[in-house]
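Remarks on the structure that follows.
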Amino acid sequence: RGMSHHEDAFRITAVFGGASGFLRLHGGGPSGSDSLTVNGTPLADVITLTLAQAGDTLAGVVGGPTTAVGIEHLIVEGGAAVDVYAVNNFGGLSDLNDVTFNTAAVGDDTITVAGTVNPDDIHVTPTSATRVEATANGRGPWLVANLSAAVASTYTVGGAASNDKV
């Protein structure tokens, strides 16, 4: 649990296999100052972020879910293998203001973004050959993907409902 009037910075190193349990991280006030950094393993990781008003959940970091409440900034640092990342419920309510995925330069990583079950308005902007930014429904989080220099890294957006605008 974070302290009520300080900036809280959490750092987790992903655990491959074997570990069990879960983490629940609570950022404290003031709003906008709390961050979580997740470091991938040297092996192939599959990390999924599901946005939710009651707490954003990361799967694939420890043996069980990692829930972040009151944390505004998330950074996922890729490990040294081919990793798969996903964001679910993009455009839904979340405490996160921004999410950054930094893929490792050695892998052909994949990032998949899925909207909510409602009609979504997802804006995707490639700002360079290896950087993509996205927002949805006029609310947070702002999503940034820094893809590795490998030509096979992919970024895919798909709505969860049939009448989304991308």
Side-chain angles (χ1 to χ4, degrees), residues 1-107 109-117 120 132-137 139-148 153-158 160:
R1 180 172 277 269
M3 300 183 69
S4 61
H5 295 292
H6 301 298
E7 178 179 308
D8 298 314
F10 300 95
R11 181 173 294 274
I12 300 171
T13 298
V15 176
F16 183 78
S20 63
F22 66 92
L23 293 174
R24 185 166 178 87
L25 305 173
H26 291 267
S31 179
S33 64
D34 304 310
S35 66
L36 168 60
T37 301
V38 174
N39 295 314
T41 70
L43 304 172
D45 295 316
V46 177
I47 297 175
T48 301
L49 169 64
T50 301
L51 303 174
Q53 185 174 12
D56 303 301
T57 303
L58 285 158
V61 178
V62 295
T66 299
T67 303
V69 177
I71 294 176
E72 295 83 19
H73 313 285
L74 171 64
I75 299 169
V76 178
E77 298 285 353
V82 177
D83 298 320
V84 176
Y85 305 104
V87 179
N88 294 326
N89 204 36
F90 189 57
L93 296 175
S94 169
D95 287 337
L96 289 165
N97 294 332
D98 53 81
V99 176
T100 302
F101 289 94
N102 295 317
T103 67
V106 296
D109 299 318
T110 300
I111 299 175
T112 302
V113 179
T116 69
V117 296
D120 294 306
V132 180
E133 299 176 2
T135 60
N137 302 332
R139 63 174 69 109
W142 175 47
L143 181 63
V144 176
N146 293 307
L147 302 168
S148 67
S153 292
T154 59
Y155 184 95
T156 305
V157 177

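- Looking at Asp34, its side chain does come within 3.5 Å of a backbone N or O of Asp8 through a donor-acceptor pair.
- Going from atom OG of Ser35 over to atom CG of Asn97 covers 11.5 Å, rounded to the nearest 0.5 Å.
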Evaluation steps, side chain to side chain contact (heavy atoms under 4.5 Å, CB included), between Asp56 and Leu49: CA-CA 7 Å; Asp56 303 301; Leu49 169 64; 4.1 Å; yes
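- Counting only heavy atoms from C-beta outward, the side chains of His73 and Leu96 never approach each other to under 4.5 Å.
- Checking Val144, Val76, Asn146, Asp109 one by one against Phe101, the side-chain contact (heavy atoms from CB on, under 4.5 Å) holds for a single residue, Val76.
- Atom OG1 of residue Thr41 and atom CG of residue Asp83 lie 6.5 Å apart, to the nearest 0.5 angstrom.
- The backbone N or O of Leu93 sits nowhere less than 3.5 Å from a side-chain atom of Gln53 that would complete a donor-acceptor pair.
- Separation of atoms CH2 (Trp142) and OG1 (Thr135) is listed at 10.5 Å; rounding is to 0.5 Å.
- A heavy-atom distance below 4.5 Å is found between the side chains of Val69 and Arg24.
- Leu58 is not listed as a side-chain neighbour of Thr67, based on a closest heavy-atom distance of 4.5 Å or more.
- For the pair Phe10 and Ile71, the minimum side-chain heavy-atom distance is below 4.5 Å.
- At least one side-chain heavy atom of Ile12 sits under 4.5 Å from a side-chain heavy atom of Leu36.
- To the nearest 0.5 Å, the span separating OG1 on Thr66 from CG on Leu74 amounts to 10.5 Å.
- Side-chain contact between Leu51 and Phe90 is present, with at least one heavy-atom pair separated by less than 4.5 Å.
- Nearest approach of Ala44 to Ala81, heavy atoms of both residues: N-CB, 3.5 Å.
- If you check the side chains of Glu77 and Asn39, you find no donor sitting under 3.5 Å from an acceptor.
- Under the side-chain hydrogen bond (donor to acceptor under 3.5 Å, both in side chains) criterion, Asn137 pairs with Asp120, not counting sequence neighbours.
- Inter-residue side-chain proximity for Ser148 and Thr103 is flagged as met; some heavy-atom pair is nearer than 4.5 Å.
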Audit row: Val87, Leu143, side chain to side chain contact (heavy atoms under 4.5 Å, CB included) steps and yes/no: CA-CA 9 Å; Val87 179; Leu143 181 63; 4.2 Å; yes
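- Ile111 pairs with exactly one of Thr156, Thr154, Leu147 by the side-chain contact (heavy atoms from CB on, under 4.5 Å) rule, that one being Leu147.
- Residues Ile75 and Val38 are not in side-chain contact: their nearest non-hydrogen atoms beyond the backbone lie 4.5 Å or more apart.
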